[in-house]
Number of protein chains: 2
Amino acid sequence: MRDVALRAGVSVKTVSRVFNDDPHVLPETRDRVSDALAQLNYTPNMLARTFRDGRSPVIGVAVPSISDPFFASIVGGVEQVASRHDMSVVVTSLGGEGAHEEGRVESLLKRQLGALVMAPTADDQGYLARWAGKLPLVFVDRPPRGLDADCFVEDDEGGARAATAHLVGRGHRRIAFIGNSTSASTTASRLVGYRAALAEAGLPADEELVQLSSLTSGGALRAVQRLEALEAAPTALFSSDAETTMALVPALVGRRLAITAFGDFPMAAMLSPALTVVDQDPASLGRLAAERAVARLDGPLESPAQHVTLPVRLLERSSCRSPQDLVELFPWTVPDGGGRVVWESPRP
Amino acid sequence: MRDVALRAGVSVKTVSRVFNDDPHVLPETRDRVSDALAQLNYTPNMLARTFRDGRSPVIGVAVPSISDPFFASIVGGVEQVASRHDMSVVVTSLGGEGAHEEGRVESLLKRQLGALVMAPTADDQGYLARWAGKLPLVFVDRPPRGLDADCFVEDDEGGARAATAHLVGRGHRRIAFIGNSTSASTTASRLVGYRAALAEAGLPADEELVQLSSLTSGGALRAVQRLEALEAAPTALFSSDAETTMALVPALVGRRLAITAFGDFPMAAMLSPALTVVDQDPASLGRLAAERAVARLDGPLESPAQHVTLPVRLLERSSCRSPQDLVELFPWTVPDGGGRVVWESPRP
DNA sequence: TTGTAAGCGTTATCAG
DNA sequence: CTGATAACGCTTACAA
């Protein structure tokens with residue numbers, strides 16, 4: 001920039017003005033500077049600009065796993081809004097366990113983010129209190145614990161209750177709940193909804209029917225086997241999240257069960273039978289969170305936190321027959337661990 | 001930081017030293033500073049540090065769409081490596097069309113990225129020449145055009161040839177190619193592979209059988225209908241990418257065709273029939289690209305560009321019967337546009 | 001309309 | 001071992 005100023009015979013401040021389209025520059029001067037700019041093909045150093053005003057035009061996004069399609073959609077939504085506001089998006093995966101959350105998030109925060117959007121994995125976000133006044137913190141999918149902040153979640157309890165009631169309406173009386181650990185608050189809320197539906201139908205809440213399995217396909221299979229071994233085995237399943245459902249599907253091959261799941265996912269409609277699911281809208285979640293963050297950035301940081309619950313919809317497909325009418329699930333598929341390698345690229 | 005120095009009765013430089021574990025500090029001084037640090041709960045300003053050394057510890061990732069599971073996995077791979085090296089990841093979606101590429105990428109670059117990993121969508125990356133000397137540029141999935149740079153792609157041609165040959169081996173003689181626009185170099189290479197397989201089998205290259213459809217499910221359906229209307233309709237399809245395949249699946253409901261696809265995707269093994277696919281490894285692609293970027297960051301920027309082609313594998317599942325033995329595809333599914341809404345959360 | 005000076009938070013340099 | 005000073009590139013406040 002100094003070089004440009006020198007070449008154009010002006011001060012650096014004038015160069016800065018030209019760059020920022022400050023109207024108080026003589027057209028003639030402007031041209032001279034523009035020429036110099038072009039000749040040296042000067043690129044402004046955003047880092048310096050950013051440093052100067054102390055906050056970077058960056059929205060941080062922290063999610064359990066960036067490669068999970070659900071969270072990838074949230075990130076996509078955030079990115080869409082961010083780019084409209086000339087902000088970038090930095091992402092961080094937290095891992096499922098919550099152990100890394102604080103470290104990962106703190107290291108993001110140290111970079112003077114403009115705002116943070118996060119789906120927490122740890123049990124407590126109290127450590128964020130010291131940041132709360134400095135930048136907008138917006139939670140998505142899961143509310144914060146030990147901290148009050150803006151939050152966009154979906155109607156976990158209502159959706160789970162509707163999905164369970166749907167199975168009850170089909171005549172099922174033994175309905176299992178399968179989900180990952182209740183450390184995720186979404187799972188806890190869905191469990192509440194599930195139990196509410198059973199209670200409303202006057203069905204007993206049998207704890208044996210609640211399986212908090214790990215998310216591997218092996219774990220899902222074991223959970224299903226435990227359920228089958230029960231004296232009064234369930235005729236239907238409610239799966240608490242898309243990740244669990246995807247792990248569960250291979251375990252259900254050839255079995256006879258009805259199933260309803262929280263969370264749609266690619267190809268759920270093309271399975272055989274097509275899965276009846278509670279449909280969420282992760283992209284909107286991301287967009288709304290980002291918009292809230294941007295609004296806080298412009299306006300006052302301190303107004304009371306908003307807690308928004310987005311509606312979800314129960315999408316009926318064909319996976320919920322009545323107990324008498326149950327059919328084999330996924331009858332055509334071959335549960336061979338994903339296929340047989342019949343060719344491979346030659347290695348160099 | 002000045003406050004800390006004041007409180008500890010030392011200079012800011014000493015505070016800095018304590019912070020950076022500089023050994024040349026008396027233990028006693030160190031303790032005093034540490035106390036002050038804790039009491040004021042000082043947080044180092046990474047932005048300033050970063051500004052000072054002129055380059056930010058950030059890897060930029062530019063992909064067509066962050067919410068596409070394939071690219072989300074690439075981002076996940078990059079992020080994994082980045083976090084091992086204490087770097088963050090900023091992501092940007094380019095959109096399928098290439099029109100926004102230059103703008104989006106330039107605005108990333110202006111932020112003094114440490115390195116850039118990208119899957120280009122435009123026809124030409126010549127505009128990046130001025131950046132090539134300043135930071136590592138690493139391409140993934142698709143090679144750059146109009147620029148030489150490090151590049152990690154998968155064996156598109158070989159995989160497509162194997163997948164097509166697999167269909168030929170099952171007795172198919174009329175095999176269609178469906179993909180998105182050949183502006184993506186991956187599609188172009190796969191088309192080459194497809195043609196090579198036909199040529200090797202002595203089959204004619206009928207241009208009517210090559211359908212470059214748009215990626216919507218309606219577009220896929222029209223492409224299939226055009227193929228069916230052909231005088232000599234195909235008995236088998238080769239789908240050129242996962243996005244196309246996912247759009248295609250609903251269009252194939254109840255039809256009789258064999259199908260092979262480039263690119264695995266969640267639940268492909270659970271469709272009925274399970275899809276035979278060319279399996280890629282996007283997470284590795286991302287990891288390798290990031291590792292290369294980091295290596296260039298440490299070592300010399302200027303060594304010759306490396307072009308690496310990763311092997312792919314053909315995963316046989318059940319979607320490739322012989323023409324005589326063809327069955328209805330996805331017979332159980334209900335092509336009702338994804339389901340019927342039977343319940344919705346009450347709106348506030 | 002243009003220029004000067006100061007400062008954002010950190011670290012390298014070099015002197016003490 | 002510790003400290004003063006300058007510098008990174010840019011912009012704001014103020015002066016000319």
Side-chain angles (χ1 to χ4, degrees), chain A residues 1-37 40-58 86 106-114 130-131 134-135, chain B residues 1-37 40-58 86-88 106-107 109-114 131 134-135:
Chain A
M1 181 153 144
R2 247 205 301 274
D3 300 343
V4 176
L6 211 63
R7 197 185 236 288
V10 298
S11 74
V12 291
K13 177 63 220 188
T14 302
V15 176
S16 164
R17 276 195 261 262
V18 171
F19 223 87
N20 297 319
D21 294 317
D22 186 320
H24 301 283
V25 183
L26 284 181
E28 192 236 347
T29 314
R30 176 181 300 280
D31 290 348
R32 225 157 10 119
V33 175
S34 299
D35 283 356
L37 243 28
L40 298 168
N41 68 72
Y42 165 78
T43 314
N45 183 334
M46 284 296 289
L47 199 52
R49 197 213 292 284
T50 274
F51 162 64
R52 197 186 179 287
D53 54 54
R55 206 167 350 99
S56 53
V58 171
D86 286 309
E106 287 278 355
S107 87
L108 262 196
L109 254 9
K110 281 209 262 281
R111 300 217 164 119
Q112 319 304 119
L113 290 183
R130 39 191 286 257
W131 293 98
K134 306 197 179 154
L135 80 171
Chain B
M1 181 152 145
R2 249 204 301 274
D3 300 341
V4 176
L6 212 63
R7 195 185 239 287
V10 297
S11 75
V12 289
K13 178 61 203 177
T14 302
V15 176
S16 165
R17 277 195 261 259
V18 170
F19 224 86
N20 297 314
D21 294 317
D22 186 319
H24 301 282
V25 184
L26 282 181
E28 191 236 348
T29 313
R30 176 181 302 280
D31 289 348
R32 224 158 10 120
V33 174
S34 297
D35 283 354
L37 244 28
L40 299 168
N41 68 75
Y42 163 79
T43 314
N45 184 333
M46 284 298 288
L47 199 51
R49 200 216 290 289
T50 274
F51 162 64
R52 192 170 190 293
D53 57 52
R55 197 153 16 77
S56 54
V58 171
D86 286 307
M87 301 186 78
S88 343
E106 287 277 356
S107 87
L109 255 9
K110 281 208 261 284
R111 303 219 163 118
Q112 320 301 117
L113 290 183
W131 292 98
K134 305 197 179 155
L135 79 171

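A note on names: the letters A, B, ... follow the listed sequences, proteins ahead of strands, and every chain is numbered from 1.
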> Please tell me which of the listed nucleotides, D:dC10, D:dC8, D:dT2, lies nearest to the side chain of A:A48?
D:dC10
> Could you pick out which residue, B:F19 or A:D53, lies toward the 5' side of DNA chain C when each is mapped onto its nearest nucleotide?
A:D53
> Over how many whole Å does the gap from A:L47 atom CG to D:dC8 atom P extend?
14 Å
> Would you please confirm or rule out a distance under 4.0 Å between OP1 or OP2 of D:dG3 and any side-chain N or O of B:T14?
yes
> For D:dG3, does the base pair up with any side-chain atom of B:R17 as donor and acceptor (N or O, under 3.5 Å, distance only)?
yes
> With a cut-off of less than 4.0 Å, is there a side-chain N or O of A:S16 near OP1 or OP2 of D:dG9?
no
> If we ignore hydrogens and angles and just use 3.5 Å, is the side chain of B:D22 paired with the main-chain N or O of B:H24 as donor and acceptor?
yes
> Take atom CG of A:D22 and atom C1' of D:dT11, then tell me their distance rounded to the nearest Å.
11 Å
> Which whole-number value in Å describes the distance from B:L26 CG to D:dG3 P?
10 Å
> Parallel, tilted or perpendicular for B:F51 and A:F51, by the 30°/60° rule?
parallel
> Could you say whether A:H24 or B:M1 is positioned toward the 5' end of DNA chain C, judged by the nucleotide with the nearest heavy atom to each?
A:H24
> Once rounded to the nearest 0.5 Å, what's the spacing between atom CG of B:D3 and atom CG of B:L37?
11.5 Å
> Check the distance between C:dT1's P and A:D21's CG and give it to me in whole angstrom.
15 Å
> Would you indicate what A:T50 reaches in the nucleic acid, counting non-hydrogen atoms under 4.0 angstrom: base, sugar-phosphate, or nothing?
nothing
> If you pin B:V10 and A:R49 to their nearest nucleotides in DNA chain D, which one's is more 5'?
B:V10
> Distance check needed: D:dG9 P versus A:L6 CG, whole Å only.
15 Å
> Picking from C:dG9, D:dC10, C:dT11, which would you name as closest to the side chain of B:V12?
C:dT11
> For the atom pair CG (B:D35) and CZ (B:R32), what is the distance rounded to the nearest 0.5 Å?
9.5 Å
> For C:dT2, does either OP1 or OP2 sit under 4.0 Å from a side-chain N or O belonging to A:S11?
no
> Please tell me which of B:R30 and B:R52 maps to the more 5' nucleotide of DNA chain D, matching each residue to the nucleotide holding its nearest heavy atom.
B:R30
> Report the distance from atom CG of A:N20 to atom P of D:dG9, rounded to the nearest whole Å.
17 Å
> Categorize B:P27 for me: base, sugar-phosphate, or nothing, with a 4.0 angstrom heavy-atom threshold over every strand shown.
nothing
> Using the side-chain contact (heavy atoms from CB on, under 4.5 Å) definition, which of the options A:T43, A:V12, A:L40 pairs with A:M1?
A:V12
> Could you tell me the separation between the CZ atom of A:F51 and the C1' atom of C:dT10, rounded to a whole number of Å?
7 Å
> Tell me the interatomic distance from A:R32, atom CZ, to C:dG3, atom C1', rounded to whole angstroms.
14 Å
> Nearest to the side chain of B:K13, heavy atoms from C-beta on, is which of D:dC10, C:dT10, D:dA4?
D:dA4
> Is any side-chain heavy atom of B:R49 closer than 4.5 Å to one of B:N20?
yes
